[in-house]
Amino acid sequence: SAVISQKPSRDICQRGTSLTIQCQVDSQVTMMFWYRQQPGQSLTLIATANQGSEATYESGFVIDKFPISRPNLTFSTLTVSNMSPEDSSIYLCSVGEGRGNTIYFGEGSWLTVV
Amino acid sequence: EDQVTQSPEALRLQEGESSSLNCSYTVSGLRGLFWYRQDPGKGPEFLFTLYSAGEEKEKERLKATLTKKESFLHITAPKPEDSATYLCAVPGGSQGNLIFGKGTKLSVKP
């Protein structure tokens with residue numbers, strides 16, 4: 001399976017600031033997703049990161065709030081903009097590969113907004 | 001609408017006490033059912049994929065089974081290190097993504 005590295009693993013952020021999370025994969029992958037997991041909740045898809053084109057966002061998530069880049073098949077970034085305490089979550093990078101496109105996850109980036 | 005429901009929400013077991021977790025799903029055309037383990041503050045760790053009714057997969061003390069409407073994760077003689085949240089998911093999103101259940105939080109006491 002792919003090895004997925006996320007940075008930062010954890011951060012405390014001030015209200016109103018923005019933070020960029022990086023996701024690096026050790027092999028080229030077609031499918032790359034960003035999920036959010038709020039405290040005590042399950043995972044919710046934010047968007048699919050498309051290489052060479054704009055990300056595809058799920059209902060309730062917008063590009064101005066969560067801009068995503070994917071310059072190549074091994075790297076993506078997610079920015080959480082103008083943060084509020086409601087953005088305190090674990091943000092997870094995931095990739096799909098193999099039979100049935102099994103989806104693997106990075107270790108996550110745990111953001112706390114104060 | 002595609003949906004995944006897991007039960008129970010939480011399960012407390014004594015070490016060695018076997019039990020099962022349930023995942024029921026509603027999807028139009030199953031393209032696999034995935035089980036993950038998640039430790040606190042970490043990303044989900046892939047365990048199994050099941051593709052057709054009757055299929056079973058095993059890994060150490062865990063065995064996953066699949067019917068046309070639900071999947072079970074059987075835990076045999078669990079140990080404290082099996083304590084985690086177990087998530088079930090199916091491909092169902094418009095973007096080829098997974099739809100997750102809310103998970104079962106398993107606690108195994110020595």
With a 4.5 angstrom heavy-atom cut-off, which part of Gln38(B) approaches chain A: side chain, backbone, both or neither? side chain
If you apply the rule salt bridge (Lys or Arg N to Asp or Glu O under 4.0 Å), what do you find for Glu56(B) with Lys63(B), and how did you get there? CA-CA 7 Å; Glu56(B) 298 183 352; Lys63(B) 182 168 82 171; 3.8 Å; yes
Segment of Ile90(A) engaging chain B (4.5 angstrom heavy-atom cut-off): side chain
Which pair of non-hydrogen atoms, one from Pro80(B) and one from Glu15(B), has the smallest distance, and what is that distance? CD-CD, 3.6 Å
Give the member of Arg10(A), Gln6(A), Gln37(A) that has the highest number of heavy-atom pairs under 4.5 Å with chain B. Gln37(A)
Shortest non-hydrogen contact from Ser18(B) toward Ala77(B): OG-N, 2.9 Å
Which portion of Tyr57(A) sits near chain B, non-hydrogen atoms under 4.5 angstrom: backbone
Check: Tyr36(B) ring centre within less than 6.0 Å of Phe100(B) ring centre: yes
As an exercise: rank Pro44(B), Gly103(B), Gly43(B) by heavy-atom pairs under 4.5 Å with chain A and give me the winner. Pro44(B)
Ring centres under 6.0 Å, that's the criterion: do Phe105(A) and Tyr35(A) meet it? yes
Against chain A, label Leu98(B) side chain, backbone, both or neither, depending on which of its atoms sit under 4.5 Å from a heavy atom there. both
